[in-house]
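Here the structure is laid out as structure tokens; the discussion comes afterwards.
The shown structure was predicted, so the numbers you read here are calculated from the model rather than taken from an experiment. Chain letters run A, B, ... following the sequence lines, proteins first, then strands; residues in each count from 1.
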There are 2 protein chains.
Amino acid sequence: MVDQLSAVFAALADPTRRAILARLRDGEATVAELAEPFAMSQPAVSKHLKVLEQAGLITRTRRATARLSHLRAEPLRTARDWLGDYRAYWQESHDRLDDLLTELQEKDT
Amino acid sequence: MVDQLSAVFAALADPTRRAILARLRDGEATVAELAEPFAMSQPAVSKHLKVLEQAGLITRTRRATARLSHLRAEPLRTARDWLGDYRAYWQESHDRLDDLLTELQEKDT
DNA sequence: CGCCTTCATAACCAATTTGTTCTGAAACCA
DNA sequence: TGGTTTCAGAACAAATTGGTTATGAAGGCG
């Protein structure tokens, strides 16, 4: 994988990895904890964690024999910024009033 | 690919496909026009277009012998919404003042 | 009609992805 | 020290991806 953005999107393309990220919003977790919800072996989860780490979406620390994963959401902001460049194209109508209403709606969110 | 979100992120993971989407912001284009910037065969580009179409990111129409691709940005909004759920996690500090400032800053953008 | 242009599809190939099982390293615990 | 827990890495297999070349279908044009 050459660029950061491709790595992030590729990491997000897998539902298991998205679920792992969602879990990590509640705080750090061990590999076993992260593996628990999935019908998949521990090494498979370790591989997913490696993908997430290489995309910069998690960092990892040790505590005793456990390896803790931590969410690192910064690259998600980059991805979101990229998507933001298309904001003008995902509204059907393009007349002035509609743009204004959308603009106001944006401010509210 | 099971779900829509995975398909969209997978489609975005390729720089060629992101470049195609960017080009389509300037309006519809033929396969030949889309292929022109890339050092790659026409069938390769056709395959990329198929991936984009299946992710719902383009629609296609005919005009004479040409097949025109049109940007359909709606799924990008869905992807951006998903990323938005992590907004609270991509700022380092989490104290109240910082949150308030970020909140205000958000409204400005 | 016959030709040309535009493009999709088929067949193929190499590399990558996503899972598996087996093994062993690292760090704590009795 | 020796055992246990936690996890990563190696080796393997199957499916997918991203490219190729060859072919032919669809639709104007002389």
Side-chain angles (χ1 to χ4, degrees), chain A residues 1-24 27-71 75, chain B residues 1-24 27-71 75:
Chain A
M1 196 73 54
V2 253
D3 61 306
Q4 175 70 11
L5 197 51
S6 294
V8 171
F9 281 135
L12 296 179
D14 187 287
T16 301
R17 288 193 289 263
R18 291 201 303 276
I20 289 174
L21 290 181
R23 162 63 185 82
L24 290 177
E28 60 185 19
T30 66
V31 174
E33 283 164 2
L34 293 174
E36 192 272 328
F38 305 108
M40 134 184 0
S41 66
Q42 168 262 311
V45 173
S46 282
K47 281 193 187 182
H48 282 303
L49 292 175
K50 195 177 206 174
V51 172
L52 289 169
E53 188 175 24
Q54 286 175 348
L57 289 167
I58 63 172
T59 58
R60 310 177 79 179
T61 57
R62 298 195 73 123
R63 187 174 61 198
T65 63
R67 311 295 182 92
L68 298 172
S69 295
H70 313 260
L71 179 62
Chain B
M1 195 74 53
V2 253
D3 61 306
Q4 175 70 12
L5 197 52
S6 295
V8 171
F9 282 135
L12 296 179
D14 187 287
T16 300
R17 289 193 290 262
R18 291 200 303 276
I20 289 175
L21 290 180
R23 163 62 184 83
L24 289 177
E28 59 184 19
T30 66
V31 174
E33 282 163 4
L34 292 173
E36 191 272 327
F38 305 108
M40 134 184 359
S41 66
Q42 167 261 311
V45 172
S46 283
K47 280 194 186 181
H48 282 304
L49 293 175
K50 196 178 207 173
V51 172
L52 289 169
E53 187 176 24
Q54 286 175 347
L57 289 167
I58 63 171
T59 58
R60 310 177 79 178
T61 57
R62 298 195 73 124
R63 189 174 60 198
T65 63
R67 310 295 182 91
L68 297 173
S69 295
H70 313 260
L71 179 62

Would you mind building the protein contact string for nucleotides 8-16 of chain C? One character per nucleotide, 5' to 3', B for base within reach (heavy atoms under 4.0 Å), S for sugar-phosphate only, - for untouched. BB-B-----
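Rounded to whole angstrom, the span from the CD atom of Glu28(B) across to the P atom of dT6(C) amounts to 16 Å. Distance Met40(B) CE to dT17(D) P: 16 Å, rounded to the nearest Å. Following rounding to the nearest Å, Glu33(B) (CD) and dT5(C) (P) show an atom-to-atom distance of 16 Å. Put simply, CZ on Arg18(A) is 12 Å from P on dT18(C), counting in whole angstrom units. Between the P atom of dA15(D) and the CE atom of Met1(B) lies a distance of 16 Å, rounded to the nearest Å. Atom C1' of nucleotide dT17(D) and atom CZ of Phe9(B) are separated by 19 Å, given to the nearest angstrom. Atom CG in Leu12(A) sits roughly 16 Å away from atom C1' in dT17(C) (whole-Å rounding). Per the geometry, CD belonging to Gln54(A) stands 13 Å off C1' belonging to dG9(D), to the nearest Å.
Looking only at distances, a side-chain donor or acceptor of Gln4(B) sits under 3.5 Å from a matching main-chain atom of Ala55(B).
Atoms CG and CG, from Leu57(B) and Leu12(B) in turn, are 6.0 Å apart once rounded to the nearest 0.5 Å. Between Arg23(B) atom CZ and Leu71(B) atom CG the span is 11.0 Å, to the nearest 0.5 Å. Annotation: the span from Gln54(A) atom CD to Leu52(A) atom CG amounts to 10.0 Å, rounded to 0.5 Å. With rounding to the nearest 0.5 angstrom, the CD atom of Glu28(A) is 9.5 Å from the OG1 atom of Thr59(A). Separation of atoms CG (Leu49(B)) and CD (Gln42(B)) is listed at 9.5 Å; rounding is to 0.5 Å.
Ranking dT6(C), dC7(C), dA27(C) by closeness to the Arg62(A) side chain, first place goes to dA27(C).
When each of Arg63(A) and Arg17(A) is assigned the nucleotide of DNA chain C bearing its nearest heavy atom, the one mapping closer to the 5' terminus is Arg17(A).
Within the 4.0 Å cut-off from OP1 or OP2 of dT17(D), not a single side-chain nitrogen or oxygen of His48(B) is found. Regarding contacts with the backbone of dG19(D), every side-chain N or O of Ser41(B) stays at 4.0 angstrom or more from both OP1 and OP2.
When heavy atoms are screened at a 4.0 angstrom cut-off, Ala66(A) is found touching the sugar-phosphate backbone but no base atom. Within the 4.0 angstrom heavy-atom criterion, no nucleotide atom of any strand lies near Thr16(B). Among the atoms of the strands shown, only primed sugar atoms or phosphate atoms (P, OP1, OP2) are found under 4.0 Å from some heavy atom of Ala64(B).
Using a cut-off of 4.0 Å between Lys/Arg side-chain N and Asp/Glu carboxylate O, Asp3(B) and Arg18(A) are scored as salt-bridged.
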